Amino acid sequence: MQVTGTVLTTRRVDAFHALTVVAPGIAERTRPGHFVTVAVGGPSTSMLTRRALFVHDVKPDYGGTVELVFTVRGPGTRWLADRRARDPLDLVGPLGRPFPVPRDPVACVLVGAEYGSAVLFPLADTLLARGCRVDFVLGGAGAERVFGAMRARRVAQTTTLTTEDGSLGLRGRVADALPSVIADTRADAVYACGPMDTLREVTAVAMKFDIPVQVVVEEAMACGVGICMTCVLPVIGEDGTTRMVRACVEGPVFRGERVRFEDVGTIPFDAIGAPGGGARHAG
Amino acid sequence: MQVTGTVLTTRRVDAFHALTVVAPGIAERTRPGHFVTVAVGGPSTSMLTRRALFVHDVKPDYGGTVELVFTVRGPGTRWLADRRARDPLDLVGPLGRPFPVPRDPVACVLVGAEYGSAVLFPLADTLLARGCRVDFVLGGAGAERVFGAMRARRVAQTTTLTTEDGSLGLRGRVADALPSVIADTRADAVYACGPMDTLREVTAVAMKFDIPVQVVVEEAMACGVGICMTCVLPVIGEDGTTRMVRACVEGPVFRGERVRFEDVGTIPFDAIGAPGGGARHAG
Amino acid sequence: MPVDMRTFLAHVELATPVLTAAGCAGSGRELAQFFDLHRLGALVTPSVTMAPRAGRPTPRMTETPSGLLNAVGLQGPGIDAFLERDLTWLAQRGIRTIVSIGGGTVAEYSALARRLTDAPGVTAVEVNLACPNLEDRGRVFAREGGAAAEVVASVRSILRGDVPVIAKLSPDVADIVAVARACVDAGADALCMINNPLGMSIDTLTLRPALAAVTGGLSGPAILPLAVRCVWQVHEALPGVPLIGVGGVLSGSDALQLILAGACAVGVGTALFHDPYACLRIERELEDLLQARGFQRLADAVGLAHRPPGSSPRIPLEENTP
Amino acid sequence: MPVDMRTFLAHVELATPVLTAAGCAGSGRELAQFFDLHRLGALVTPSVTMAPRAGRPTPRMTETPSGLLNAVGLQGPGIDAFLERDLTWLAQRGIRTIVSIGGGTVAEYSALARRLTDAPGVTAVEVNLACPNLEDRGRVFAREGGAAAEVVASVRSILRGDVPVIAKLSPDVADIVAVARACVDAGADALCMINNPLGMSIDTLTLRPALAAVTGGLSGPAILPLAVRCVWQVHEALPGVPLIGVGGVLSGSDALQLILAGACAVGVGTALFHDPYACLRIERELEDLLQARGFQRLADAVGLAHRPPGSSPRIPLEENTP
Ligand SMILES: Cc1cc2nc3c(=O)[nH]c(=O)nc-3n(C[C@H](O)[C@H](O)[C@H](O)COP(=O)(O)OP(=O)(O)OC[C@H]3O[C@@H](n4cnc5c(N)ncnc54)[C@H](O)[C@@H]3O)c2cc1C
Ligand SMILES: Cc1cc2nc3c(=O)[nH]c(=O)nc-3n(C[C@H](O)[C@H](O)[C@H](O)COP(=O)(O)OP(=O)(O)OC[C@H]3O[C@@H](n4cnc5c(N)ncnc54)[C@H](O)[C@@H]3O)c2cc1C
Ligand SMILES: Cc1cc2nc3c(=O)[nH]c(=O)nc-3n(C[C@H](O)[C@H](O)[C@H](O)COP(=O)(O)O)c2cc1C
Ligand SMILES: Cc1cc2nc3c(=O)[nH]c(=O)nc-3n(C[C@H](O)[C@H](O)[C@H](O)COP(=O)(O)O)c2cc1C
Ligand code: FES
Ligand code: FES
């Protein structure tokens with residue numbers, strides 16, 4: 001649904017901006033893993049596409065609020081960073097398929113890089129409510145780009161931090177730290193959100209341990225609702241065939257081992273409808 | 001020159017919005033009749049052209065301020081109307097040729113319609129400083145569209161108001177009231193600003209009384225600095241030939257009898273460079 | 001009094017003139033989560049091809065000033081799955097559907113037309129001529145009247161007479177009227193314009209084309225002036241031919257521009273990506289604008305800007321005039 | 001270390017690659033009030049015609065999303081007054097000047113070229129091919145390789161060999177490369193693209209075309225993707241030909257897109273209407289961007305986006321990366 005929300009609070013945390021937006025209707029429907037799209041630029045803007053942002057936090061205040069956490073990348077997020085309390089904000093959501101959560105109280109490692117960590121906190125709350133054990137691995141390029149360390153420490157059994165420049169926690173990437181966390185916590189499942197490279201590495205680790213991994217992918221999106229076909233990536237279906245599927249509606253959460261990370265940004269020759277070969281598989 | 005000014009105050013007067021902008025450099029150079037152009041829409045806007053606005057008032061405060069008075073017409077003036085104190089505002093100016101002012105202390109009637117009245121007040125101040133007699137005729141479609149009546153009453157010998165709907169002053173248009181004002185004040189000169197129709201009517205009246213009239217024309221402008229050639233109108237030169245001249249740099253102030261009002265929006269066949277005939281006159 | 005918004009595409013009556021643009025409304029199911037598709041003049045499908053197509057690699061889109069560049073490459077399920085799954089879904093619900101078809105050869109268009117002849121629920125067939133002609137060095141059919149006409153003639157000859165054939169033209173030509181005329185002469189019952197002009201963007205950080213496919217189609221408000229011009233020129237030359245105006249429509253006022261230029265229906269594409277309710281909003285705004293201008297019927301506004309100057313009153317500009 | 005911003009248009013060296021676009025910088029005197037014109041790569045004049053021209057009636061302009069439509073109609077003083085007044089003023093000050101010429105017949109272009117042969121201060125001549133050909137139903141020369149080539153060949157044959165001839169092309173064609181190739185074969189030393197695509201806007205209050213001339217040329221950021229695409233395609237086909245990229249450049253990053261696509265110089269038009277200092281700002285931004293990406297010479301960036309994928313490092317995205 002589309003809602004003209006109102007900015008309630010803005011804050012800056014290290015390299016991140018956070019906006020809490022009163023968005024009744026969206027807030028109560030949001031499940032962990034959902035995202036929203038935000039119109040940027042105001043009236044007469046030259047920016048045509050909405051920006052996709054994960055929902056970090058949902059609260060029932062004022063009829064329902066969502067918190068969005070983001071870094072400034074280009075003009076759209078720059079505009080968002082300039083919003084002030086009481087400004088209107090046009091949201092569509094909740095969008096995408098949320099995280100599947102285990103029925104049993106299993107041990108889960110939640111792996112987040114950069115702003116990708118944001119989407120893991122509502123998930124952690126849900127898992128904890130079901131009696132799961134939750135451990136965090138959070139990383140970023142530098143200390144100011146690791147999101148949510150404090151909150152992770154509060155809710156999780158253990159929190160492992162990594163930075164590529166070594167300015168906080170272990171030097172390296174989240175996937176480097178992951179094996180020992182999985183081993184130590186005897187994890188049953190991994191959830192990960194971050195850049196595509198990170199997801200590939202995390203998936204490789206989880207597969208080595210032979211435990212399921214859910215990844216949240218991020219592809220450039222023009223619509224977020226499944227109608228523009230711009231956000232596709234090659235994913236292997238139940239039937240073993242590869243299809244170019246839309247991250248916005250068929251994802252953004254996928255089972256890691258089904259995503260053909262090496263082939264993202266290409267049309268694999270054996271994908272359904274690929275030039276030449278793939279078409280034959282079609283039904 | 002180009003200045004990133006700061007909005008100092010905003011106010012609403014009837015149908016008009018007024019912005020006082022701190023714009024050092026522009027303020028001190030501004031003479032009565034000058035205009036500025038304002039960038040509208042903010043970063044990443046889809047609105048490409050600046051909006052031309054007359055300078056209503058200049059004050060030395062804060063290094064120099066200019067006051068702009070406008071009505072909302074489309075998205076650009078709508079955006080301007082939403083500015084708040086402390087917002088930045090990008091101005092270019094002062095632009096155009098200011099009013100020529102008489103050397104002697106003569107009697108002048110200043111005729112303004114709608115927001116056109118705004119540009120007459122700095123002129124009145126200058127004329128009064130030279131010992132001229134100043135009388136105002138101000139008009140608009142309705143009472144709320146007559147600008148500056150109070151101030152006019154304060155500074156001028158007489159102030160005559162007209163509205164087309166009769167809601168304030170005389171029912172009719174400024175040119176209807178003008179003959180008796182000229183007669184009563186034994187006016188030596190007329191200055192007028194308003195829509196093209198008004199200027200045509202005012203010019204006709206002044207010519208009947210055989211007194212000089214200076215009109216401020218308003219043509220849609222893309223640049224305001226003389227480089228785009230979009231703001232032209234047919235004006236008769238000293239040599240008696242008609243040229244398509246640029247309102248922004250050759251005007252916006254013209255001697256009324258030189259403007260070919262009936263032919264505005266056309267290329268008169270005898271204009272220099274007109275298709276067919278005019279080209280022959282060229283030298 | 002409400003405005004009579006009905007319009008005709010050849011003999012087919014549409015309840016409202018606002019359609020989706022081909023390839024911008026998914027299969028219909030996605031938008032159905034937001035509003036009732038019966039409220040559309042018609043849903044135009046993505047261009048369907050014979051075989052399933054995986055489309056182009058990503059990145060497939062990038063934003064430009066007031067525009068969007070896309071290079072999706074007609075990703076789709078192929079005609080069989082389309083008929084079975086997508087068209088059936090639409091037909092069962094009685095949603096007016098214009099099926100867009102795309103091909104690499106005249107033979108492929110003909111084959112698609114044959115598959116559609118007996119399919120239920122086809123209100124009209126739109127022929128997307130902006131497809132590379134595999135038999136002419138990949139030049140798009142729409143670039144030239146002869147190639148376009150050949151496709152249109154073959155589709156027209158195959159489809160039942162009561163199914164209008166709409167030829168969809170591209171603006172990347174020196175003379176849109178010549179292509180339009182060739183299509184009408186070849187039997188097109190209506191024309192749709194414009195498809196995306198070809199554009200490109202370079203990422204100044206990676207120093208490479210922003211799209212994997214290098215070039216892509218430009219859409220959105222940036223191209224509205226091109227669409228208005230094409231509709232105007234073609235209506236001027238061929239006043240009797242029903243035109244669907246497409247390109248950059250974000251608001252009712254944009255739609256009204258195309259209608260005044262000569263379009264009897266308007267397609268909404270990129271605006272749907274920003275606002276899934278865009279078609280309904282635009283229809284409402286259009287109706288309000290027509291009403292405010294004293295129109296009782298949409299049909300009276302079609303092509304009205306062509307009438308000679310001086311033949312209508314000027315409506316005064318006022319603050320808050322819609 | 002500052003970036004070496006020099007560039008060459010054929011054998012003519014320009015100190016910087018940022019030029020004004022034809023018709024967007026007045027006579028030079030207007031902009032000289034804002035900055036020193038010597039800081040331009042070159043000033044390109046409005047297209048001059050043989051006779052004085054009064055141009056089109058007003059309204060001549062209207063705003064569109066991220067664009068501007070104009071129909072000025074080459075208002076100008078004619079070649080005699082131009083030479084005497086405008087060119088002399090520029091030449092006396094030693095301002096690098098590219099003279100743009102426009103005509104209605106090949107003979108008019110030739111006559112203009114003859115008048116320019118002995119004029120002092122002509123750095124190069126740009127042939128505006130977007131003029132209606134009076135001998136071909138008013139169709140613009142740029143729409144077709146043959147007509148364009150005829151003009152170019154005649155101008156080239158008249159001007160002295162050391163004055164480069166630049167052919168300025170329009171995007172409203174099915175195959176920009178074909179027109180470009182025809183012009184180069186006819187002797188063009190460089191190409192400039194793009195001129196304004198033809199657009200139109202309708203005033204939904206008056207229900208009439210917004211421009212007195214009905215249609216007009218679209219400019220501004222809306223057309224940047226078309227300009228980048230045209231420069232890319234022509235550089236791909238004719239890599240040795242110097243290209244001036246024009247169309248929608250508002251920022252150094254826009255200019256860099258055109259340069260990476262293959263332009264060795266960039267023209268700034270509509271941006272000057274918004275910011276009379278635009279050329280200087282864009283040059284500075286361009287230099288900063290080149291420096292931040294490790295370029296020592298502008299020339300190394302020209303056409304760089306054409307190199308095969310995988311042959312350069314990806315520069316990481318960071319907050320505040322220019
Ligand atoms: C499902 C999803 C959830 C996301 N959640 C967050 C989040 O919580 N916090 C956060 O900081 N960022 C998030 N992103 C990335 C965010 O959408 C982009 O950073 C943002 O769109 C960039 O906009 P811009 O105008 O600043 O940059 P520009 O680069 O100027 O954007 C230009 C265009 O590209 C698109 N685009 C560019 N980068 C991306 C990208 N990485 N993903 C999607 N679209 C992109 C934009 O939507 C826009 O259309 C998410 C992306 C997706 C797909
Ligand atoms: C020299 C001069 C001084 C002016 N002074 C004032 C003033 O003091 N107060 C005031 O309220 N208005 C003034 N105007 C008119 C004002 O510029 C327009 O109302 C304004 O540009 C409309 O912008 P918009 O976005 O609201 O409307 P839109 O109609 O959306 O504007 C679209 C485009 O048309 C141009 N345009 C539209 N109408 C006009 C117009 N009448 N004159 C010039 N350009 C136009 C705009 O600049 C813009 O490029 C002046 C105009 C000129 C030429
Ligand atoms: C993502 C996307 C996909 C498109 N797919 C098709 C298509 O399959 N067939 C077609 O004829 N046009 C297609 N188009 C073109 C649109 O139908 C429309 O003509 C064009 O985008 C201009 O309209 P707009 O500015 O409203 O988007 C597509 C456009 C976009 C943006
Ligand atoms: C008001 C105006 C006048 C122009 N006059 C000319 C001209 O005389 N000759 C010419 O070749 N191009 C002319 N052009 C086209 C520009 O030189 C340029 O090619 C085009 O506007 C695209 O660049 P821009 O988007 O930077 O304006 C004119 C453009 C505008 C907006
Ligand atoms: S973003 Fe449009 S289909 Fe996914
Ligand atoms: S507004 Fe550009 S020349 Fe007058």
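Treat the numbers as computed from the prediction; the structure is a model and nothing was measured. Letters go in sequence order (proteins before strands), and every chain restarts at 1.
- Salt bridge status for A/Arg51 with C/Glu63: present, with a side-chain N to carboxylate O gap under 4.0 Å.
- Of all the listed residues (C/Pro46, C/Ala71, C/Gly67, C/Gly73), the one sharing the greatest number of non-hydrogen pairs under 4.5 Å with chain A is C/Gly67.
- Atom OG1 of C/Thr58 sits about 6.0 Å away from atom CE of A/Met244, to the nearest 0.5 Å.
- Interface remark: C/Thr64 contributes backbone atoms only to the contact with chain A (heavy atom separation under 4.5 Å).
- The minimum heavy-atom distance between C/Pro57 and A/Gly265, with the atom names listed, is CB-O, 3.2 Å.
- Nearest heavy-atom pair across A/Ile267 and C/Ala54 is CG2-CB, 3.5 Å.
- Neither the backbone nor the side chain of C/Ala212 comes within contact range of chain A; no heavy atom of the residue lies under 4.5 Å from a heavy atom of that chain.
- The shortest heavy-atom contact between C/Cys24 and A/Ile227 is O-CD1, 3.4 Å.
- Side chain of C/Arg60 to backbone of A/Cys231: no donor-acceptor contact under 3.5 angstrom is found.
- In this structure, no portion of C/Arg29 lies under 4.5 Å from any heavy atom of chain A.
- For C/Arg93, the CZ atom counts as densely surrounded, since its 6.0 Å shell holds more than 12 non-hydrogen atoms of other residues, nucleotides or ligands.
- In this structure, the side chain of A/Arg50 engages the main chain of C/His274 through a donor-acceptor pair within 3.5 Å.
- Not a single donor-acceptor pair under 3.5 Å links the side chain of A/Gln2 to the backbone N or O of C/Asp275.
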Intermediate values then yes/no, side-chain contact (heavy atoms from CB on, under 4.5 Å), C/Phe273 and A/Thr49: CA-CA 7 Å; C/Phe273 304 163; A/Thr49 56; 5.6 Å; no

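- Note: A/Val232 leads A/Val232, A/Val92, A/Val225 in heavy-atom pairs under 4.5 Å with chain C.
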Worked check of side-chain contact (heavy atoms from CB on, under 4.5 Å) between A/Arg246 and C/Glu30: CA-CA 12 Å; A/Arg246 293 162 297 180; C/Glu30 298 85 355; 2.9 Å; yes

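- Residues A/Cys228 and C/Asn70 have side chains not in contact (no heavy-atom distance under 4.5 Å, counting atoms from C-beta outward).
- Scanning both residues, C/Met61 and A/Met221, for their nearest heavy atoms gives CE-O, 3.1 Å.
- Of the inter-residue distances, the one linking C/Ser219 atom OG with A/Leu48 atom CG reads 7.0 Å to the nearest 0.5 angstrom.
- Considering every non-hydrogen atom in both C/Val72 and A/Thr230, the closest pair reads CG2-CG2, 4.2 Å.
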